[in-house]
Colleague: 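Take a look at the following structure, please.
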Amino acid sequence: MSIQLNPFILLDGTAEEAIAFYQESLGAKLQFKQTVGQGPQNPDSPLSDKEKARIAHSVLSVGDTDIFVADLDIGQVLQTGNGINICLSTEDAGEAERLYNTLKEGGQIDVELGPVYFSPAYGMITDKFGVTFQIFTKRPR
């Protein structure tokens with residue numbers, strides 16, 4: 001049996017903006033995107049245009065990894081937490097710096113990018129959507 005783990009980012013009405021941000025900052029490639037309005041509709045509970053525009057599901061490819069991004073179902077409440085981080089690993093400190101600088105726009109710096117005992121360039125950012133990224137540079141072999 002094969003199991004694949006994918007980060008799934010749930011947002012409250014900002015998934016479309018997050019998709020564009022990750023395409024720009026991470027070079028993510030959009031593989032799939034569907035709005036709520038493109039899915040089946042219940043004629044007894046019509047949705048507003050704003051509700052129909054929410055992202056039901058999307059798949060972004062970043063390197064060898066797929067990231068899922070969607071808006072919460074209508075009526076669900078967003079609960080922000082720091083229990084899950086996304087670690088971006090690179091072999092180049094310059095690329096680590098680029099990722100760090102693009103992701104920090106509108107977000108907050110949790111750990112300044114710099115050398116640490118386990119990495120020549122490591123930092124941590126919580127982006128403007130509340131998603132925490134660890135930027136890790138592998139040591140040369």
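Keep in mind it's a predicted model, so treat the numbers as computed, not measured.
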Colleague: So, taking the atom named NZ in Lys29 and the one named CD in Gln23, what distance separates them when rounded to the nearest 0.5 Å?
Modeller: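 Going from NZ on Lys29 over to CD on Gln23, the span is 8.5 Å.
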Colleague: So do Ile74 and Leu47 actually touch side chain to side chain, heavy atoms under 4.5 Å?
Modeller: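 Sidechains of Ile74 and Leu47: in contact.
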Colleague: Give me the atom names and distance for the closest heavy-atom approach of Lys128 to Phe21.
Modeller: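 Heavy atoms of Lys128 and Phe21 come nearest at CE-CD1, 3.6 Å.
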Colleague: Using the salt bridge (Lys or Arg N to Asp or Glu O under 4.0 Å) criterion, which residues pair with Glu51? Sequence neighbours excluded.
Modeller: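 Applying salt bridge (Lys or Arg N to Asp or Glu O under 4.0 Å) to Glu51 gives none.
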Colleague: Name all residues meeting the salt bridge (Lys or Arg N to Asp or Glu O under 4.0 Å) criterion together with Asp12; count only those two or more places apart in sequence or in a different chain, and write none if there are none.
Modeller: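 Here the qualifying residues are Arg54.
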Colleague: Output all residues satisfying side chain to side chain contact (heavy atoms under 4.5 Å, CB included) with Ala70, sequence neighbours left out; order by chain, then residue number.
Modeller: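 Ala70 satisfies side chain to side chain contact (heavy atoms under 4.5 Å, CB included) with Phe8, Leu10 once adjacent residues are dropped.
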Colleague: Would you give the length of the straight line joining atom CD of Glu95 to atom CG of Leu88, rounded to the nearest 0.5 angstrom?
Modeller: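 With rounding to 0.5 Å, CD (Glu95) is 9.5 Å from CG (Leu88).
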Colleague: Does Asp127 reach the side chain of Thr132, with side-chain heavy atoms less than 4.5 Å apart?
Modeller: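 A side-chain contact under 4.5 Å is absent here.
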Colleague: What pair of heavy atoms forms the shortest contact from Ser25 to Leu99, and how long is it?
Modeller: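 Smallest heavy-atom distance, with atoms named: O-CD2, 3.7 Å.
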Colleague: Testing the basics here: between Asp44 and Asn42, what is the closest heavy-atom pair and its distance to 0.1 Å?
Modeller: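 So the minimum-distance heavy-atom pair works out to N-OD1, 2.8 Å.
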Colleague: Any non-hydrogen side-chain atom of Lys138 less than 4.5 Å from a side-chain atom of Thr90?
Modeller: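 No, side chains not in contact.
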Colleague: Say whether Leu103 and Val111 are linked into one hydrophobic cluster, either directly or through other cluster members, by side-chain heavy-atom distances under 4.5 angstrom.
Modeller: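 Unlinked, Leu103 and Val111 end up in two clusters.
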Colleague: What distance do Asn85 atom CG and Ile125 atom CD1 have between them, rounded to the nearest 0.5 Å?
Modeller: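 Interatomic distance, Asn85 CG to Ile125 CD1, rounded to 0.5 Å: 12.0 Å.
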Colleague: Looking at every heavy atom in both Ser58 and Ile19, which two are closest together, and how far apart are they?
Modeller: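 Smallest interatomic distance, heavy atoms only, reads OG-CD1, 3.4 Å.
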Colleague: Using the test salt bridge (Lys or Arg N to Asp or Glu O under 4.0 Å), find all partners of Lys33 that sit at least two apart in sequence or belong to another chain.
Modeller: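 Listed in chain order: Glu16.
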Colleague: Can you list every pair that meets side-chain hydrogen bond (donor to acceptor under 3.5 Å, both in side chains) and has a residue in residues 113-124, with sequence neighbours left out?
Modeller: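 Counting only pairs at least two positions apart or across chains, the side-chain hydrogen bond (donor to acceptor under 3.5 Å, both in side chains) contacts touching residues 113-124 are Tyr122-Gln134.
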Colleague: Mind checking whether Pro46 and Gln41 have side chains closer than 4.5 Å, heavy atoms only?
Modeller: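 SC-SC contact between Pro46 and Gln41 ruled out.
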Colleague: Could you check whether atom CG of Asp49 has more than 12 heavy atoms from other residues, nucleotides or ligands sitting under 6.0 Å from it?
Modeller: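 No, not enclosed.
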Colleague: Spell out, yes or no, whether Ile86 and Ile109 are grouped together once hydrophobic residues are joined by side-chain heavy atoms under 4.5 Å, including indirect joins.
Modeller: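 Same hydrophobic cluster.
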Colleague: Determine whether Leu113 and Asn101 make a side-chain contact, defined as any pair of heavy atoms from C-beta on separated by less than 4.5 Å.
Modeller: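 A side-chain contact is absent here, since even the closest heavy-atom pair is not under 4.5 Å.
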Colleague: Give, for atom CG of Asp64 and atom OG of Ser89, the distance between the pair rounded to the nearest 0.5 Å.
Modeller: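 Here the interatomic distance stands at 11.5 Å.
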Colleague: Could you please spell out the steps behind the side-chain contact (heavy atoms from CB on, under 4.5 Å) verdict for Thr14 and Phe129?
Modeller: CA-CA 8 Å; Thr14 58; Phe129 301 103; 3.7 Å; yes
Colleague: Hey, any chance Val131 and Leu30 share a hydrophobic cluster, counting ILVMFWY side chains that come within less than 4.5 Å of each other, even indirectly?
Modeller: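 Shared cluster, yes.
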Colleague: Hydrophobic clustering (ILVMFWY, side-chain heavy atoms < 4.5 Å, transitive) - are Met124 and Tyr22 grouped together?
Modeller: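 No, Tyr22 and Met124 fall in different hydrophobic clusters.
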Colleague: To the nearest 0.5 angstrom, please state how far the CG atom of Asp66 sits from the CZ atom of Phe68.
Modeller: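 Asp66 atom CG to Phe68 atom CZ measures 6.0 Å (nearest 0.5 Å).
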Colleague: Return the CZ to CZ distance between Phe118 and Phe136, rounded to the nearest 0.5 Å.
Modeller: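 If we round to the nearest 0.5 Å, Phe118:CZ and Phe136:CZ are 7.0 Å apart.
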Colleague: Considering all heavy atoms of both residues, which atom of Ala18 and which atom of Val69 are nearest to each other, and what is their separation?
Modeller: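 That closest heavy-atom pairing would be CB-CG1, 4.3 Å.
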Colleague: Treating Ile, Leu, Val, Met, Phe, Trp and Tyr as nodes and any side-chain heavy-atom pair under 4.5 angstrom as an edge, say whether Val62 and Phe133 lie in one connected cluster.
Modeller: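 Cluster IDs for Val62 and Phe133 match.
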Colleague: Is the shortest heavy-atom distance from the side chain of Gln38 to the side chain of Lys52 under 4.5 Å?
Modeller: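 No. Closest side-chain heavy atoms not under 4.5 Å.
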Colleague: State, with a plain yes or no, whether a side-chain heavy atom of Leu72 is found less than 4.5 Å away from one of Leu11.
Modeller: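 No, every pair of side-chain atoms sits at 4.5 Å or beyond.
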Colleague: Which atoms form the tightest heavy-atom contact between Thr137 and Ala93, and what is the distance?
Modeller: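 Heavy atoms only, the tightest pair is CG2-N, 3.7 Å.
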Colleague: Please enumerate all residues that pass side chain to side chain contact (heavy atoms under 4.5 Å, CB included) together with Gln108, with sequence neighbours excluded.
Modeller: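 Partners of Gln108 by the side chain to side chain contact (heavy atoms under 4.5 Å, CB included) criterion, ordered by chain and then number, come out as Asp110, Thr126.
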